[in-house]
Amino acid sequence: MASNQKVSEALEHIEKAEKSLKTSFFKWTPDFDSAAHEYEKAAVCYKNAKSPADARKMYIKAADCHRNCQALFHAAKDYKQAGFICKDLKKYDECVDLIKKAAFMYREHGAPDTAAITLEKAAKTMETVNTNVAVDLYMEAADIVMVDERLRQAVDSLSKASRLLVRNRDFQKALEVMKKELDMYVELEQEGKIHKCIAIQILIHLHRGDWVAADQAHKTAMGYIGYAQSEVSLLLQELIEAYDQQDPDKASELLYNPYFTHLDNDYVKLARTLRVPGYGGGGAGGGGGGGEQQEEEDEYAGGLC
């Protein structure tokens, strides 16, 4: 009964909106502002009536009206509302399209930080649906705020993108993103983040079987703030040596160091599944053993942190 009443209210607001958009001999231009507010009220009524598809349509109509009268911030808010309704409806492609529209409107209005936050929220939603799309959204969010030199916000988005790339085992792209991430941490003088970034890059190189690149990354890092004197530097030096000497026991001991176990879950798994070439057995430090490796991945699917 209440639902029917809300639908009736929505229809009344739609009728008012359409009336505002009509022109006549005495009214030459549509009243987009009034129509937008009526469509928004209709959207709320539909949401309360548990009719999300209709609410989505009303928010899009409202956004289009706001665009027509150059109220870009309000247009962005309505596109965003419509986008997240699409998420609930599992219309993910449309969700992403609308969120990107919203971000564009926020940016045009002069609110790049809000645009980036909106893209990040969409990216978070897409992480479990399509990680490639999530990565693209995080990268776009970083690009937006990088232009305005909001480095802390930009590097946060980049770090989320690189984490997802590691999860997907897209190591080449992960390294490319982490290079940008590392440069920003250096500029921001975030010593702990610099060391963490180097550690993950070295883990990636070793996963790819590229001892030379891992060793080079470690040597290059000696020029970064505090790295040469840090415990992380010593830990990574020992890990590289264990890998070079094909010592799985030593590698396993190092990879279970608290430094690695307290990384983000995807990086914990990266450490756990690193294998030293030339040896049987699975798990951290071991080689071969596909079945045991799968068991290792299942064990840490939820992460340790």
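In this structure, R272 forms a cation-pi arrangement with Y256, its terminal cationic atom sitting closer than 6.0 Å to the ring centre and no more than 45° off the ring axis.
Under a 3.5 Å cut-off, the side chain of Y267 and the backbone N or O of F260 do not form any donor-acceptor pair. Remark: the backbone N or O of Y259 is paired with a side-chain donor or acceptor of N257 at under 3.5 angstrom. Of the possible polar contacts, one joining the T118 side chain to the T114 backbone as a donor-acceptor pair under 3.5 Å is found. A donor-acceptor contact shorter than 3.5 Å links the side chain of H262 to the backbone of P258. Of the possible donor and acceptor atoms, none in the side chain of T131 sits under 3.5 Å from a partner among the backbone N and O of E127. Although no hydrogens or angles enter the test, the distance criterion places a donor-acceptor pair under 3.5 Å between the side chain of W211 and the main chain of I240. Looking only at distances, a side-chain donor or acceptor of T220 sits under 3.5 Å from a matching main-chain atom of Q216. In this structure a side-chain-to-backbone donor-acceptor pair under 3.5 Å is present from H207 to L270.
Closest heavy-atom contact between A49 and V7: CB-CG2, 3.9 Å. Here the shortest heavy-atom pairing between A116 and V145 reads CB-CG1, 3.5 Å. When all heavy atoms of L158 and V177 are compared, the pair lying nearest together is O-CG1, 3.6 Å. When all heavy atoms are compared, the tightest approach of A102 to K80 is CB-N, 3.8 Å. Closest non-hydrogen pair, V276 versus D247, comes out as CG1-N, 3.9 Å. V135 and A161 get closest at one heavy-atom pair: CG2-O, 3.9 Å.
Side-chain contact check for E241 and Q245: no donor-acceptor pair (N or O, by modelled atom type) lies under 3.5 Å. S51 and R56 share no donor-acceptor pair across their side chains, judged by distance under 3.5 Å alone. No side-chain donor from either of Y59 and D64 sits under 3.5 Å from a side-chain acceptor of the other. For E238 and Y243, the side-chain atoms include no donor-acceptor pair closer than 3.5 Å.
For the pair V133/V96, a side-chain contact is recorded, criterion being any heavy-atom separation below 4.5 Å from C-beta on. Residues N132 and M126 fail the side-chain proximity criterion, which asks for heavy atoms closer than 4.5 Å. Using a 4.5 Å heavy-atom cutoff, the side chains of K6 and K47 are not in contact. Side-chain contact between R163 and N265 is absent, with no heavy atoms from C-beta onward closer than 4.5 Å. No side-chain heavy atom of D215 sits less than 4.5 Å from a side-chain heavy atom of I202. Taking 4.5 Å as the limit, some side-chain heavy atom of Q153 sits within range of a side-chain heavy atom of D113. Counting heavy atoms from C-beta outward, K269 and V166 have side chains that stay 4.5 Å or more apart.
Around OH of Y92, the count of heavy atoms belonging to other residues, nucleotides or ligands within 6.0 Å exceeds 12. The local environment of CD in E15 is sparse, with at most 12 non-hydrogen atoms from other residues, nucleotides or ligands closer than 6.0 Å.
F171 and L236 fall within a single hydrophobic cluster, where Ile, Leu, Val, Met, Phe, Trp and Tyr are joined by side-chain heavy atoms under 4.5 Å apart, directly or via other members. Linking Ile, Leu, Val, Met, Phe, Trp and Tyr residues whenever their side-chain heavy atoms come within less than 4.5 Å leaves L119 and I117 in two separate clusters. Under the 4.5 Å side-chain heavy-atom criterion for grouping Ile, Leu, Val, Met, Phe, Trp and Tyr, M222 is connected to M178 within one hydrophobic cluster. Hydrophobic clustering places L72 together with F104 (ILVMFWY residues linked when any side-chain heavy atoms are closer than 4.5 Å, directly or through intermediates). By the criterion of side-chain heavy atoms lying less than 4.5 angstrom apart, applied directly or through intervening Ile, Leu, Val, Met, Phe, Trp or Tyr residues, Y138 is not grouped with L98; the two fall into different hydrophobic clusters.
One distance of note links CG of D78 with NZ of K61; it measures 13.0 Å at 0.5 Å rounding. Taking CG from N48 and CD from Q5, the interatomic distance works out to 11.0 Å, rounded to the nearest 0.5 Å. For the atom pair CG of D54 and SG of C45, the computed distance is 11.5 Å after rounding to the nearest 0.5 Å. Taking CD1 from I14 and CD from E9, the interatomic distance works out to 12.0 Å, rounded to the nearest 0.5 Å. Here the straight-line distance linking atom CZ of R167 with atom OG of S162 works out to 11.5 Å at 0.5 Å rounding. Between the CG atom of D170 and the CD1 atom of I204 there is a distance of 10.0 Å, given to the nearest 0.5 Å.
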Sequence neighbours excluded and cut-off under 3.5 Å, please list the side-chain donor-acceptor pairs for residues 184-198, or say none.
unit_1	atom_1	unit_2	atom_2	d
Y185	OH	E181	OE2	3.3
H195	NE2	I225	O	3.1
H195	NE2	Y227	N	3.4
K196	NZ	D264	OD2	3.3

Name every donor-acceptor pair, under 3.5 Å, that has one atom in a side chain of residues 81-90 and the other anywhere in the protein, sequence neighbours excluded.
none

Anything under 3.5 Å between a donor and an acceptor, one on a side chain of residues 30-40, the other on a protein residue two or more places apart or in another chain? List them.
unit_1	atom_1	unit_2	atom_2	d
D31	OD1	S34	N	3.2
D31	OD1	S34	OG	3.3
D31	OD2	S34	OG	2.6
D33	OD1	H37	NE2	3.4
H37	ND1	E40	OE1	3.4
E38	OE1	H13	ND1	2.8
E40	OE2	H66	NE2	3.0

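In this pair, F73 and Y106 present their aromatic rings perpendicular. The plane angle is above 60°, beyond the 30 to 60° band.
A salt bridge does not link D97 to K101: none of the charged nitrogens lies less than 4.0 Å from a carboxylate oxygen. Residues R152 and D156 are not paired through a salt bridge, judged by the lack of any N-O separation under 4.0 Å between the basic side chain and the carboxylate.
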Steps toward side-chain contact (heavy atoms from CB on, under 4.5 Å) verdict (S157, I144): CA-CA 11 Å; S157 294; I144 286 173; over 6 Å; no
Steps toward side-chain contact (heavy atoms from CB on, under 4.5 Å) verdict (E140, K100): CA-CA 9 Å; E140 192 172 335; K100 285 186 174 182; 3.5 Å; yes
